[in-house]
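Counting starts at 1 for both ligands and their atoms, in listed order. Here, residue 1 is the first one in the sequence, and each next residue gets the next number.
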Amino acid sequence: MAKHIDVSKIKADYILISHAHSDHTADVEFIAKNTGAKIISNFEIVSYYEAKGFHGHPMNFGGKWNFDFGVVKYVQALHSSSFGDGTYGGEPGGFIITSNGKTVYYAGDTALFSDMQLFGRLHAINWAILPVGDNFTMDAQQAAVASSMLNCDKVIGVHYDTFGFIKIDHEASKQLFAVEGKELHLVPIGNSLNLE
Ligand code: NI
């Protein structure tokens, strides 16, 4: 579904990696080599890439760091994290990113978990990027509950439709959010969204 994306044209100063699964890391080395981008992830993933000569910034759960674009906190996720070759990729995580006065929570691949309430208490989250595809992660119904716990009205759905187990009904998924007074945005691959 992303075959029309020319990876060599992707510009990046930083690459944030939630976990090591190959659908999240397949193009990391190519993009990092092409752009010189710094890799931000957990200690194990950053160590894996540093051993191959890439630059990284290691983090672990609950910790934050001031980068030149804003503050990044690395938080837990309920999932797994191994590289395609079986190498241990640490524990899976997500990121709470504050930049230009806006805060975005990228959950990574995860199940619903009640500590999301704490993220909503500690951060004024403007946008949440949540998985909605079911089978490997939470579904849209659980993502709607997550958005309530996060106290966040604007959600970008991810991790759906790209392979067989995670096809979703777009309109039904959006409706689950609409009844809660929230917005679910399902952005087509290659499109962009201005986070106002
Ligand atoms: Ni995954």
(request) Please find out if the Ni ion (ligand 1) and some N, O or S atom of D109 are separated by less than 2.8 Å. (result) yes
(message) Counting backbone and side-chain atoms alike, is an N, O or S atom of H79 positioned under 2.8 Å from the Ni ion (ligand 1)?
(response) yes
(request) Give a yes or no on whether a salt bridge exists between K167 and D161, defined as a side-chain N under 4.0 angstrom from a carboxylate O. (result) no
(request) Work out the angle at the Ni ion (ligand 1) between NE2 of H19 and ND1 of H21, rounded to 10°. (result) 90°
(message) Exactly one of E91, H21, H19 should register a side chain to side chain donor-acceptor pair (under 3.5 Å) with S80. Which one does?
(response) H21
(request) Can you label the angle between the F83 ring and the Y48 ring as parallel, tilted or perpendicular, going by 30° and 60°? (result) parallel
(message) side-chain contact (heavy atoms from CB on, under 4.5 Å), that's the test. Do H79 and D109 meet it? Break it down for me.
(response) CA-CA 6 Å; H79 194 65; D109 290 3; 3.2 Å; yes
